[in-house]
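In what follows, a single structure is set out as structure tokens and then discussed.
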Amino acid sequence: MVSESSVHAAIARATRFVVRHQDDDGAWRDFYVLPGRSDAWVTAYAGAQLLRIAQWRSSHTCDRAIASAIDFVERARKAGGGWGYNSNCPADADSTARSLLFLHAAGAKVRLRDYADLARFAVRDGAFATYRAGDAWGGWCRGHADVTAVALRALGHVLAPSHALVRRGRARLSAYLRRRDAFASYWWTTPFYLALEVALLFEGSAHAPAVELPRFPLPPDAGSFERALACEVALVRRDIVAATRYARQLIESQRDDGSWLPARILRVVDPRSKSARDIYCNRSEIVADDRAIFTSSTVTGALVRFEAMRARLYTRERVGGGHLHIVQPSLA
């Protein structure tokens, strides 16, 4: 059994950890690689997870951190448009899409030009590439499913499903998902990353592809980041038993400072790699979120979604005198 109090306590500790590790300029920075740590991308991602907490339960602490993150992301916009991994890197599709998703969810003003900047990462086959030709080379300028799903989510705020860019992108993504290695990601080590992004993209959509979300078990060495994603995928599938198991494991593995142990999750792909799982991709360096911000914010967001789902599963029964009796289903 996962008690309500244990979930709430874990979320509160994690929230304090994430807020405490926000830098003075409003950014969260994580993943130390050759160009340095990411700022705009990580800030937009962590900020979006913090928004979940604030929307689930009002928090002045979250509100202040989110406001600072919004200011940073708006300042981090590149002069030529879009957002990048950090100030040392050119704009990329994933950082731009994450920034747009965060700003839109926060109710911040987003320019149509920002969405146009994201649209320019679309390649001829309908997918979205991480970088434009000229800013990088090789596989980084080819379309990949994990980038395409996030870009389409962001563009869905301004483009109708019938728009050519959306139709072509979804058709390309659907074709990819029919492959044997459908949920293999170019940039990520876990298939649950793409599975969740696809679920979020097509959630409530009449245009969802006929693809089953993965039901394969977590590997024995799965870290908290992958477990949190698996928890969210289980929630999308309404598999409450699996989601509860993952939530319990996440709560039990939370560290004393409120964080979760970082893991090697981000693949720094050799640009010679043309697709996920080719020889160059498999031999690429894999790095951890050394400051634990990316993992911890991901887990926190998953626990919030878990608790929100459980609240919706409560049933109300009329008892004597017309009073309401709240009955909670077993989530053992």
Side-chain angles (χ1 to χ4, degrees), residues 2-31 37-77 83 86 95 97-111 114 153-154 157 200 224-225 228 231-232 235 247 250-251 253-262 289 291-314 326 328:
V2 180
S3 69
E4 179 181 334
S5 60
S6 67
V7 179
H8 287 208
I11 293 171
R13 288 195 299 271
T15 302
R16 288 193 292 271
F17 173 84
V18 174
V19 171
R20 190 166 63 247
H21 286 79
Q22 186 177 31
D23 292 337
D24 292 341
D25 61 357
W28 282 284
R29 292 176 170 85
D30 216 338
F31 293 110
R37 289 189 176 88
S38 174
D39 48 32
W41 172 57
V42 170
T43 301
Y45 183 90
Q49 301 292 357
L50 215 60
L51 269 173
R52 280 188 176 186
I53 303 169
Q55 292 164 355
W56 169 68
R57 175 164 291 186
S58 179
S59 165
H60 293 304
T61 301
C62 282
D63 290 344
R64 288 194 297 270
I66 290 166
S68 295
I70 291 171
D71 288 343
F72 177 83
V73 171
E74 289 178 334
R75 294 194 309 272
R77 185 187 283 106
W83 285 264
N86 62 23
S95 298
R98 288 289 179 193
S99 296
L100 291 173
L101 286 168
F102 171 54
L103 293 175
H104 179 272
K109 185 177 180 180
V110 184
R111 308 174 307 185
D114 293 324
R153 281 182 58 207
H157 293 142
L200 294 174
S224 297
F225 175 75
C231 181
E232 293 220 48
L235 289 171
L250 289 168
I251 291 170
S253 61
Q254 188 175 27
R255 300 193 291 186
D256 291 342
D257 64 356
S259 70
W260 280 268
L261 186 68
D289 53 325
R291 289 184 170 176
I293 294 167
F294 207 88
T295 290
S296 299
S297 62
T298 301
V299 177
T300 311
L303 291 178
V304 167
R305 182 163 183 157
F306 171 79
E307 192 59 26
M309 173 68 76
R310 181 160 62 173
R312 288 196 295 272
L313 290 176
Y314 277 63
I326 308 300
Q328 181 184 0

Minimum-distance pair of heavy atoms, taken over all atoms of Ala108 and Ile70: CB-CG2, 4.0 Å
Can you find a pair of side-chain heavy atoms, one from Val19 and one from Leu50, that are under 4.5 Å apart? yes
If you compare all heavy atoms of Thr298 against all heavy atoms of Tyr45, which two are closest, and at what distance to 0.1 Å? OG1-OH, 2.7 Å
Between CD of Gln254 and OG of Ser224, what distance do you get to the nearest 0.5 Å? 9.5 Å
Would you indicate whether the side-chain heavy atoms of Thr15 and Cys62 approach each other to under 4.5 Å? yes
Does Trp83 reach the main-chain N or O of Val73 with its side chain, forming a donor-acceptor pair under 3.5 Å? yes
For Leu250 and Ala228 the tightest heavy-atom approach is CD1-CA, 3.9 Å
Atom CZ of Arg310 and atom CD of Glu4: how far apart are they, to the nearest 0.5 Å? 6.5 Å
Run the numbers on His157 and Leu101 for side-chain contact (heavy atoms from CB on, under 4.5 Å), then give the verdict. CA-CA 9 Å; His157 293 142; Leu101 286 168; 3.6 Å; yes
Measure the CG-CZ distance between Asn86 and Arg37 for me, rounded to the nearest 0.5 Å. 11.0 Å
Short question: side chain of Asp289, backbone of Thr295 - any donor-acceptor pair under 3.5 Å? yes
Any idea which heavy atoms bring Met309 and Leu235 closest together, and the distance? CE-O, 3.6 Å
Closer than 3.5 angstrom, by distance alone: can the side chain of Ser296 be matched with the main-chain N or O of Ala292 as a donor-acceptor pair? yes
Do Arg153 and Leu200 touch side chain to side chain, with heavy atoms closer than 4.5 Å? yes
Should Val42 and Arg29 count as side-chain neighbours, where that means a heavy-atom distance under 4.5 Å? no
For the atom pair CD1 (Ile66) and OG1 (Thr61), what is the distance rounded to the nearest 0.5 Å? 10.5 Å
Decide if the gap between the ring center of Trp260 and the ring center of Phe17 is smaller than 6.0 angstrom. no
How long is the span from the CZ atom in Arg75 to the CG atom in Asp25, to the nearest 0.5 Å? 6.0 Å
side-chain contact (heavy atoms from CB on, under 4.5 Å) with Val304: which of Val7, Ile53, Leu51, Val299? Ile53
Minimum heavy-atom separation for Glu232 to Gly301, with atom names? OE2-C, 4.2 Å
Can you tell me how far CG of Leu103 sits from CZ of Arg77, rounded to the nearest 0.5 angstrom? 7.0 Å
Mark yes or no for whether Thr43, through its side chain, and Trp28, through its backbone, hold a donor-acceptor pair below 3.5 Å. yes
Is the ring pair Phe294/Phe225 parallel, tilted or perpendicular, if the boundaries are 30 and 60 degrees? tilted
Do you know which two heavy atoms are closest between Arg20 and Asp257, and how far apart they sit? NH2-O, 3.3 Å
